[in-house]
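Some notes on the structure that comes next.
Residue numbers begin at 1 in each chain, while the letters A, B, ... track the order of the sequences.
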Protein chains: 2
Amino acid sequence: MPEAAGGAGGRYHRVMGSGEVSKHTNGYGQSAPRATAAMVAARAGVSTATVSLVINGKTAGRVSADTIEAVQRAIAELGYVVDGIGSSLARGGSNIVILVAPDVANPFYADVIAGVRGALGDDYQLLLSVTDAGKTPEPGDIRKLFSLRPAGLLVDAPGTDFLAHLAPVSPMVLLDAPGIDSTAPSVNFDVAHGARELADHLAGLGHRRVAYLDAVTGTGTFRLRRDAFLARAVERGLKTVADAGAKVDIAASAAAFADAWPRWAPAGVTAVVCATDTHAYGVFAQARRAGLRIPDDVAVAGFDDLPYSATSTPGLTSVRLPAAALGRAAGSQLRRLMEGMPVEESRVLLPSRLMVRGSTDPSHPGRA
Amino acid sequence: MPEAAGGAGGRYHRVMGSGEVSKHTNGYGQSAPRATAAMVAARAGVSTATVSLVINGKTAGRVSADTIEAVQRAIAELGYVVDGIGSSLARGGSNIVILVAPDVANPFYADVIAGVRGALGDDYQLLLSVTDAGKTPEPGDIRKLFSLRPAGLLVDAPGTDFLAHLAPVSPMVLLDAPGIDSTAPSVNFDVAHGARELADHLAGLGHRRVAYLDAVTGTGTFRLRRDAFLARAVERGLKTVADAGAKVDIAASAAAFADAWPRWAPAGVTAVVCATDTHAYGVFAQARRAGLRIPDDVAVAGFDDLPYSATSTPGLTSVRLPAAALGRAAGSQLRRLMEGMPVEESRVLLPSRLMVRGSTDPSHPGRA
DNA sequence: CTGAAAGCGCTTACAG
DNA sequence: CTGAAAGCGCTTACAG
């Protein structure tokens with residue numbers, strides 16, 4: 001319970017002490033006195049209502065050319081910019097769209113963001129909210145975000161119990177949130193399809209025993225990846241072992257593999273499937289340290305198909321998930337919602353597919 | 001010039017048609033009617049002023065225990081959450097801090113963000129604004145952001161002319177913005193130091209002719225990296241060539257290298273230094289395709305020391321830039337500014353250092 | 001200890 | 001074509 005003013009508080013207000021620079025000396029990025037619509041109105045000799053009409057381009061048949069001209073001059077002279085807060089309060093909401101994601105600094109999101117941006121266009125302002133590393137977005141975080149009155153919310157990879165305690169107050173679309181039961185529309189990857197292709201691929205290569213290195217966050221997509229892969233692997237007669245996990249981090253994953261391999265190797269494991277490519281990079285690093293050849297001693301595969309996976313030596317076999325399409329689909333769903341139109345389809349499923357590279361396929365050109 | 005209501009407009013307002021779900025059926029993440037302080041006040045039998053005091057924890061000696069209790073019950077029953085917009089308008093500003101970065105989906109930013117978050121604490125809400133891929137933040141973007149009345153702004157890697165047309169209206173700190181002349185405090189990497197170490201390293205290895213693969217955005221840090229490296233290389237008697245560039249993208253960089261190598265090889269180039277590790281990954285990929293051995297046929301190095309650089313085969317020699325420290329320093333500078341305290345030092349310089357790996361050093365253990 | 005009132009900066013019917 | 005007024009949801013002196 002933060003206290004907001006006075007003393008050590010005064011958190012987000014500028015508190016001026018005697019020795020400090022004043023607003024007018026513009027010491028360190030301090031505010032120049034902000035121009036308001038009232039100042040513009042006074043200068044142009046009109047009312048604030050007229051200023052508002054001009055700013056919002058609603059002058060057709062309502063404001064004379066001369067007045068428009070005068071207002072625009074005043075705006076230019078004063079460097080006036082509409083105050084988003086006053087505007088939002090009057091309109092009943094902002095034009096901000098917030099994308100909530102656990103891991104935006106993952107290269108995967110470059111494409112997601114680009115997709116969202118494209119679908120949203122210029123009418124909305126896209127802002128991102130990152131949860132703490134490795135944590136899924138929680139209801140409390142979202143509630144804080146709702147308090148900003150965003151025009152809409154895009155929530156990526158929420159925890160499975162995410163919506164239990166959340167009364168949605170803005171249009172909201174869920175991304176990559178399999179297994180979340182919600183009235184909000186969602187866009188997901190058909191990750192099970194790629195997971196099955198991967199199991200088939202490994203079975204076809206002659207592996208008999210495969211290990212699964214899981215991600216330890218409670219995200220639905222990771223559960224789905226694992227379960228779909230393991231189920232198909234068993235169907236194909238593979239023995240499976242899934243007793244290791246790590247957060248989405250190269251070093252953590254390397255450590256998990258270092259810990260598990262002494263169990264896995266004697267048990268006859270010849271392939272390791274990782275919940276994400278990032279995990280796979282950790283396995284790569286540790287395997288190299290341990291003198292294991294990939295794929296000869298151990299085959300490695302991941303999910304996501306990050307850009308680096310096509311580049312590494314060997315290339316990493318991975319289930320490709322179409323990130324840009326995810327962003328586009330979610331963005332346009334949300335846009336319809338925000339504009340009061342029904343969404344075409346409340347649950348969109350995007351295809352995934354296996355990219356085979358040298359980390360599993362000894363005959364792949366990119367082999368080390 | 002968007003028009004905001006009616007017809008095809010009504011951009012960020014929900015426009016209800018006859019066939020649509022109503023607010024009360026909560027069709028797709030539509031708003032449940034939002035509880036206001038007035039509703040809480042009515043229910044608790046107090047004034048909104050009292051509700052505000054309770055919410056902000058300013059009750060000491062001002063509100064009786066019974067009243068507090070009653071207000072809190074009403075808040076709970078109604079699920080009331082303070083409206084950030086109304087609150088910000090009344091207070092004169094929000095508690096939002098916006099980090100503007102050209103490339104947040106770069107693994108580099110995971111640490112920057114964590115650092116900022118740590119320094120800012122819980123009193124501020126951190127949101128990220130991403131510019132279009134490969135574009136540096138522009139004054140227009142920032143102006144839109146200012147209109148949100150953020151408590152503060154953190155601007156990463158702005159273009160060199162960034163501040164020319166910008167009247168700062170909120171506290172602002174610049175990150176990784178060498179060469180930007182501004183009254184705003186800045187936190188930079190001493191990237192020149194690492195660049196010089198790299199030149200020394202290559203000279204020591206016996207290279208006589210090195211190429212520099214530049215980044216094509218006009219960001220100050222890239223110019224500094226290049227100039228510092230090339231200057232020292234020349235001092236060390238190396239011949240340099242710097243006639244190639246690409247955006248920060250593996251594929252684009254691979255293409256640039258494919259284009260340049262046929263010139264460079266005959267000219268005797270034996271080492272390629274890249275503006276970023278991402279560029280270097282592209283060179284890796286293309287070199288492999290072309291059958292070049294690293295470092296035997298061509299040594300490769302980069303800047304940033306991304307996590308993947310320690311993992312690749314060979315490991316990538318890179319100038320490490322302390323991302324978390326950058327975020328921490330910038331965050332705490334901004335915090336002081338927002339709280340009206342003078343910053344300790346208006347220009348902070350963080351050390352960089354060379355990480356030598358197998359991509360340049362044939363004797364490195366991680367060599368392919 | 002509590003509330004009425006003013007005000008933050010806009011936008012939008014409404015009246016003229 | 002234009003403006004006075006109300007209102008969006010809060011917070012903060014101020015008066016009691």
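- Straight-line distance from the CZ atom of B:Arg91 to the P atom of C:dG7: 20 Å, rounded to whole Å.
- Stem regions for DNA chain D, each three or more consecutive Watson-Crick or G-U pairs with both distances under 3.5 Å and listed by first number, read C:1-3 with D:14-16, C:5-12 with D:5-12, C:14-16 with D:1-3.
- No donor-acceptor pair closer than 3.5 Å links the side chain of A:Glu69 to the backbone N or O of A:Ser64.
- How far CE of A:Met338 is from CG of A:Leu153: 10.5 Å, rounded to the nearest 0.5 Å.
- Dashed line: the shortest gap from a side-chain N or O of A:Thr67 to OP1 or OP2 of D:dC1 is not under 4.0 Å.
- In this structure, CZ of A:Arg34 is placed 9 Å from C1' of C:dG9, rounded to the nearest angstrom.
- Residue A:Ala90 places its side chain closer to C:dC10 than to any other of D:dT11, C:dC10, D:dG9.
- If you check every strand for non-hydrogen atoms under 4.0 Å, A:Ser88 touches nothing.
- One atom, NZ of B:Lys58, and another, P of D:dT11, lie 8 Å apart when rounded to the nearest Å.
- When the nucleotides C:dG9, D:dC10, C:dC1 are ranked by their closest atom to the side chain of B:Thr36, D:dC10 comes out on top.
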**Asked** Is there a side-chain contact (heavy atoms from CB on, under 4.5 Å) between B:Val155 and B:Met172 once you walk through the steps?
**Response** CA-CA 7 Å; B:Val155 183; B:Met172 182 169 71; 4.0 Å; yes
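- Inter-residue side-chain proximity for A:Thr50 and A:Val63 is flagged as met; some heavy-atom pair is nearer than 4.5 Å.
- Remark: the A:Ser87 side chain and the A:Arg91 side chain contain an N/O donor-acceptor pair separated by less than 3.5 Å.
- Distance OH/A:Tyr109 to CG/A:Leu99: 7.5 Å, rounded to 0.5 Å.
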Under 3.5 Å, which protein N or O atoms sit close to an N or O of nucleotides 14-16 of chain D? Give each pair with its distance.
none

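- Rounded to a whole Å, the CD1 atom of B:Ile85 is 10 Å from the P atom of D:dC10.
- At least one donor-acceptor pair closer than 3.5 Å links the side chain of B:Ser170 to the backbone N or O of B:Pro150.
- As rounded to whole Å, 11 Å separates atom P of C:dT11 from atom CG of A:Leu89.
- Using a 4.5 Å heavy-atom threshold, the side chains of A:Val104 and B:Ile113 count as touching.
- Inter-residue side-chain proximity for B:Val82 and A:Ser147 is flagged as unmet; no heavy-atom pair is nearer than 4.5 Å.
- One distance of note links CG of B:Leu89 with OG of A:Ser88; it measures 10.0 Å at 0.5 Å rounding.
- Applying a 4.0 Å cut-off to non-hydrogen atoms, the residues of residues 44-53 of chain A that approach DNA chain D are A:Gly45, A:Val46, A:Ser47, A:Ala49, A:Thr50, listed by residue number.
- Between the C1' atom of D:dG9 and the CG atom of B:Leu78 lies a distance of 15 Å, rounded to the nearest Å.
- The nearest whole Å value for the distance from the CG atom in A:Asp83 to the P atom in C:dT11 is 9 Å.
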**Request:** Under the side-chain contact (heavy atoms from CB on, under 4.5 Å) rule, what do B:Leu126 and B:Val116 come out as? Steps first, then yes or no, please.
**Result:** CA-CA 8 Å; B:Leu126 179 64; B:Val116 169; 3.9 Å; yes
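- For the pair B:Arg149 CZ and C:dG9 C1', the computed distance is 7 Å after rounding to whole Å.
- Annotation: the span from A:Tyr124 atom OH to A:Asn95 atom CG amounts to 8.5 Å, rounded to 0.5 Å.
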